[in-house]
Amino acid sequence: MAFDERPRRNRTRARAWALQVLYRWEAADSESVLDALETTLANRRVAPACQAHLARVVRGFARHEETVRAAVSEALDNWRIERLARVDRCILFLSVTEMLFVDGVPPAVAIQEGVRLAQRYGSEHSDRFVNGVLDAVMKARTVVDER
C-alpha cells in the first residue's frame with residue numbers, strides 16, 4: 001500500500017490558511033482572531049479537509065496568545081516583537097502555537113513548515129530569520145522540559 005500524502009498536504013494548506021487568518025486579524029484592529037477565522041471560513045473556499053487543522057491552530061493561538069507572544073519575544077535577540085514584519089510575526093505565532101499547543105505536530109515539523117511559509121510569503125531573508133527564532137524557541141522549550 002502506498003503512503004498517502006493527502007493528510008500532510010492538507011495540514012500544509014491549512015497552515016497557509018492559518019497564516020492568512022492571523023495576518024487578517026493583525027491588519028484589522030477591530031476583530032478578534034476568532035472573528036477573522038469565522039470571516040475567512042464564511043467568505044473563502046477553504047477545503048473541508050483543511051478546516052480542522054486550520055481551526056485547531058487558530059483556536060490554539062487565541063487560547064494561548066500571551067504564552068506564544070512571550071515565547072517569540074524571549075527568542076528574539078535585540079528585537080521587539082512589534083518591529084517584526086507582520087508576515088514574519090504571524091508565521092512565528094503560527095509555528096510556535098503548533099510547537100507548544102497542537103498535539104501530533106513534532107517541533108521539527110512546525111519549524112520546517114514555518115520556514116516554508118517564510119520562503120513563500122516572506123522577504124528574501126525571512127526563512128533564515130524564522131528558522132533561527134523557531135530554533136531558539138525549541139531549545140528554550142527543551143531546557144524547560146529537562147528541568
- Those residues that, when tested against Arg56, pass salt bridge (charged side-chain N to carboxylate O under 4.0 Å, His left out) (two or more places apart): none
- Task: Identify, with sequence neighbours excluded, every residue that meets salt bridge (charged side-chain N to carboxylate O under 4.0 Å, His left out) alongside Arg128.
- Result: none
- Task: Taking the side chain as every heavy atom from C-beta outward, state whether Val133 and Leu84 have any pair of such atoms under 4.5 Å apart.
- Result: no
- Message: Does Arg120 have more than 12 heavy atoms from other residues, nucleotides or ligands lying within 6.0 Å of its CZ?
- Response: no
- Message: Can you give me the closest heavy-atom contact between Ser32 and Trp25, atom names plus distance?
- Response: C-CD1, 3.3 Å
- Residues forming a salt bridge (charged side-chain N to carboxylate O under 4.0 Å, His left out) with Glu82, sequence neighbours excluded: Arg80
- For residues Tyr121 and Ala16, report the shortest heavy-atom separation together with the two atoms involved. OH-CB, 3.9 Å
- Quick check: does any side chain N or O of Arg89 sit under 3.5 Å from a backbone N or O of Ile81, one acting as donor and the other as acceptor? yes
Would you tabulate the side-chain donor-acceptor contacts of residues 42-51 under 3.5 Å, counting partners in other chains and residues two or more places apart, or write 'none'?
residue, atom, partner, partner atom, Å
Asn43, ND2, Thr39, O, 3.2
Arg44, NH1, Gln20, OE1, 3.4
Gln51, NE2, Val46, O, 2.9

- Look up atom CE in Met99 and atom CG in Leu94, then write down how far apart they are to the nearest 0.5 Å. 10.0 Å
- Task: For Leu54 and Trp17, work out which heavy atoms get closest and say how close.
- Result: CD1-C, 3.7 Å
- List for me each residue that meets salt bridge (charged side-chain N to carboxylate O under 4.0 Å, His left out) alongside Arg116, sequence neighbours excluded, and say none if there are none. Glu113
- Closest heavy-atom pair and its distance - Leu19, Val87: CD1-O, 4.1 Å
- Look up atom CD in Glu38 and atom CG in Leu34, then write down how far apart they are to the nearest 0.5 Å. 7.5 Å
- Message: Under the side chain to side chain donor-acceptor pair (under 3.5 Å) definition, can you give me all pairs with a residue in residues 100-112, not counting sequence neighbours?
- Response: none
- Query: Which residues satisfy the side-chain contact (heavy atoms from CB on, under 4.5 Å) test with Ala118, sequence neighbours excluded?
  - Reply: Ile91, Ser126, Asp127, Val130
- Item | Beyond-backbone contact of Arg15 with Val57, side-chain heavy atoms, under 4.5 angstrom | no
- So Arg24 and Glu31, side-chain contact (heavy atoms from CB on, under 4.5 Å) or not? Walk me through it. CA-CA 9 Å; Arg24 172 189 203 105; Glu31 65 181 4; 3.3 Å; yes
- Task: Specify the closest pair of heavy atoms between Glu98 and Ala110, including all atoms of both residues, with the distance to one decimal.
- Result: CB-CB, 4.0 Å
Side-chain donor-acceptor pairs of residues 68-79 under 3.5 Å, sequence neighbours excluded:
residue, atom, partner, partner atom, Å
Arg69, NE, Glu65, OE2, 2.9
Arg69, NH2, Glu65, OE2, 3.4
Ser73, OG, Arg69, O, 3.0

- Heavy atoms only: give me the nearest Ala14-His53 pair and the separation to one decimal. CB-CB, 3.8 Å
- Query: With sequence neighbours left out, which residue pairs that include part of residues 81-115 fulfil the ring pair (Phe, Tyr, Trp, His ring centres under 6.0 Å) condition?
  - Reply: Phe61-Phe93, His64-Phe101
- Message: Please enumerate all residues that pass side-chain contact (heavy atoms from CB on, under 4.5 Å) together with Ala55, with sequence neighbours excluded.
- Response: Leu37, Arg59
